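Presented below is the structure to which this report refers.
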2 protein chains.
Amino acid sequence: MTAEARPATPPLTERQEARRRRILEATAELARRGGFEAVQMREVAEAAEVALGTLYRYFPSKVHLLVATLQDRLQQLRAALRARPPAGDDPAARVTEALMRAFRSMRREPQLADAMVRALTFADRGAGPEADAVSRLTTAIILDAMGTGHPTPDQLCAVRVIEHTWHSALICWLSGRESIAQVRTDIETACGLIGPAAP
Amino acid sequence: MTAEARPATPPLTERQEARRRRILEATAELARRGGFEAVQMREVAEAAEVALGTLYRYFPSKVHLLVATLQDRLQQLRAALRARPPAGDDPAARVTEALMRAFRSMRREPQLADAMVRALTFADRGAGPEADAVSRLTTAIILDAMGTGHPTPDQLCAVRVIEHTWHSALICWLSGRESIAQVRTDIETACGLIGPAAP
DNA sequence: AGCCAGTCTGAAACTTGTTCTAGATTAGCG
DNA sequence: CGCTAATCTAGAACAAGTTTCAGACTGGCT
């Protein structure tokens, strides 16, 4: 836990850390306003007071940039969930609540959500590691909510299906193809796979 | 059933039908070779012997073009499945088999699959109707495989989760984040939601 | 202090999706 | 046939992601 999730990243100086943060801030702000297309690399660079080339040094593409933003948000979300964990009786209910809370935070800033999620689904092999990190974070959030010590293989399968459902339902909602109620139903249905589980 | 799925499309002349077909052919061919990024509008136009403006008249964006290609494939797939339906004993097994056959056809041309699926997930509200058609086709394929007359609401929920899983697992596999075996497991797990069902 | 390597900046260039325009072709119709 | 509206073509032009480059700046080292 102490070994932060930064495998091969050389330590950044303070100014560099600040730059990185400014970039992520600017990205989120632009995305909040106009979604994916409003996040234009030149504008991000300008808003973050950084040269375009520098932006590309920190984040090698628009997709990387937005996926990193998502990663950021998920980390905050996970922390919030740790601070006030879902309080259902059985694991399925807790996972549902956790994901619905996540969904609510997406609904609060739909344009930002759109930008981040579209970037994630668009991420190809080039952004593999970053997308992977997001996936691992999501898994961790679900496992946190389940609360069972070490999950069985069956449970891991269920978690993967839940994750797929969460992800795809979110996309459908963002493109107006699915209602909020349906998203909830889908998540509940998928969480049914966890079963009442062992006591 | 007789009212083809062409709501507002004025009837095309023979030459126009041929152009449309040439465009879709060229798209598939380019995609097969180099995936999403190899499908460049200028190249499609040239390969289809059509002016760029015409290409855009037929398909208002690259996303539309690729989603239409996917729609095309799914129709063929559905026909193939009708011709030789999956032969499992229970609905869950049949749906699994249908989806695994679909998956196999994707594996045969991974670059093409990549292009089509990336376009689909990238489709925003602008390409809503087209993406919807793809979704309805997928649902139809699953319902075909289930074989139950009219599904219960619960079953429809299950179908939606299966669809989400299929879709998202496919993306994960395409970006190298999930193995073929995992895709199968995920689909089987999701299909478990159908249950042995009523006799 | 002086130097080196790495980093940052500003600006231009390149790529590819998308739009626009002017003129040629075509289809349908009297 | 000859007319008209729609369609098609060729090509320029525009927009935004990405790359490149020369020069300025920074941080660490002796």
Side-chain angles (χ1 to χ4, degrees), chain A residues 8-23 26-27 30-31 33-69 114-116 118-120 122-127 130, chain B residues 8-23 26-27 30-31 33-69 115-116 118-127 130:
Chain A
T9 315
L12 301 178
T13 74
E14 214 167 305
R15 298 168 58 97
Q16 288 176 321
E17 196 59 64
R19 263 188 213 108
R20 195 186 132 89
R21 197 104 311 269
R22 280 207 309 279
I23 292 174
T27 303
L30 286 169
R33 286 223 262 280
F36 186 86
E37 32 222 43
V39 179
Q40 301 190 357
M41 301 304 268
R42 288 173 238 259
E43 292 209 29
V44 172
E46 189 181 2
E49 299 181 293
V50 147
L52 192 55
T54 307
L55 173 54
Y56 273 95
R57 169 183 285 276
Y58 280 74
F59 302 95
S61 80
K62 179 168 170 174
V63 166
H64 284 81
L65 176 56
L66 283 166
V67 172
T69 304
D114 176 70
M116 296 188 302
R118 292 258 293 287
L120 180 64
F122 198 62
D124 58 346
R125 290 188 147 74
E130 286 76 1
Chain B
T9 315
L12 300 178
T13 74
E14 213 169 303
R15 295 167 59 98
Q16 287 176 322
E17 196 58 66
R19 263 187 213 109
R20 196 187 131 89
R21 197 102 311 270
R22 279 208 309 279
I23 292 174
T27 303
L30 285 169
R33 286 223 261 280
F36 187 85
E37 31 223 41
V39 178
Q40 302 190 356
M41 300 306 266
R42 287 172 238 262
E43 293 210 27
V44 172
E46 189 180 3
E49 299 181 294
V50 148
L52 192 54
T54 306
L55 173 52
Y56 273 94
R57 169 184 285 274
Y58 280 75
F59 302 95
S61 81
K62 179 169 171 174
V63 166
H64 284 80
L65 176 56
L66 282 166
V67 171
T69 305
M116 297 187 302
R118 292 258 293 287
L120 181 63
T121 65
F122 197 62
D124 58 346
R125 289 186 149 75
E130 285 76 2

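Convention: sequence-line order gives letters A, B, ...; per-chain numbering from 1. Since we're looking at a predicted model, the values are computed, not measured.
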Subject >> Atom CD of A/E43: over 12 foreign heavy atoms under 6.0 Å >> reply: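 Yes, enclosed.
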Options [options], nucleotide nearest the side-chain atoms of [X]:
{"X": "B/Y56", "options": "C/dG17, C/dG28, C/dT9", "value": "C/dG17"}
{"X": "A/R19", "options": "C/dT9, D/dC8, C/dT18", "value": "C/dT9"}
{"X": "A/L52", "options": "C/dC8, C/dG17, C/dA12", "value": "C/dA12"}
{"X": "B/T13", "options": "C/dT16, D/dC8, C/dA27", "value": "C/dA27"}
{"X": "A/A51", "options": "D/dG17, C/dT18, C/dT9", "value": "C/dT9"}

**OP:** May I ask you to establish whether A/K62 and A/F122 are in a cation-pi arrangement, using a distance under 6.0 Å from NZ or CZ to the six-membered ring centre and at most 45° from the ring axis?
**Re:**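 The answer is no, since A/K62 fails at least one limit relative to A/F122.
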What is the nucleic acid contact for [X], judged by heavy atoms within less than 4.0 Å: base, sugar-phosphate only, or nothing?
{"X": "B/Y58", "result": "sugar-phosphate"}
{"X": "B/V63", "result": "nothing"}
{"X": "A/R15", "result": "sugar-phosphate"}
{"X": "B/E49", "result": "sugar-phosphate"}
{"X": "B/V44", "result": "nothing"}

**OP:** Could you tell me whether the side chain of B/Q40 reaches within less than 4.5 Å of the side chain of B/L30, counting heavy atoms only?
**Re:**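 Not in contact.
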Whole Å only: how far is the [atom1] atom of [X] from the [atom2] atom of [N]?
{"X": "B/M41", "N": "C/dT15", "atom1": "CE", "atom2": "C1'", "value": "15 Å"}
{"X": "B/R57", "N": "C/dC20", "atom1": "CZ", "atom2": "P", "value": "13 Å"}
{"X": "A/Q40", "N": "D/dC14", "atom1": "CD", "atom2": "C1'", "value": "13 Å"}
{"X": "A/L55", "N": "D/dT20", "atom1": "CG", "atom2": "P", "value": "16 Å"}

**OP:** State whether B/R42 places a side-chain N or O below 4.0 Å from either non-bridging phosphate oxygen (OP1 or OP2) of C/dG17.
**Re:** no
Subject >> Under-4.0 Å side-chain N/O to phosphate OP1/OP2 contact, B/Q16 with D/dC8 >> reply: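 The answer is yes; a side-chain N or O of B/Q16 sits under 4.0 Å from OP1 or OP2.
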Original post:
How far apart are the C-alpha atoms of A/H64 and A/Y58, what are their side-chain angles, what is the distance that settles it, and do they pass the side-chain contact (heavy atoms from CB on, under 4.5 Å) test?
Top reply: CA-CA 9 Å; A/H64 284 81; A/Y58 280 74; over 6 Å; no
**OP:** Output, in order, the C-alpha distance, side-chain angles, deciding distance and verdict of side-chain contact (heavy atoms from CB on, under 4.5 Å) for B/R118 and B/E37.
**Re:** CA-CA 10 Å; B/R118 292 258 293 287; B/E37 31 223 41; 4.2 Å; yes
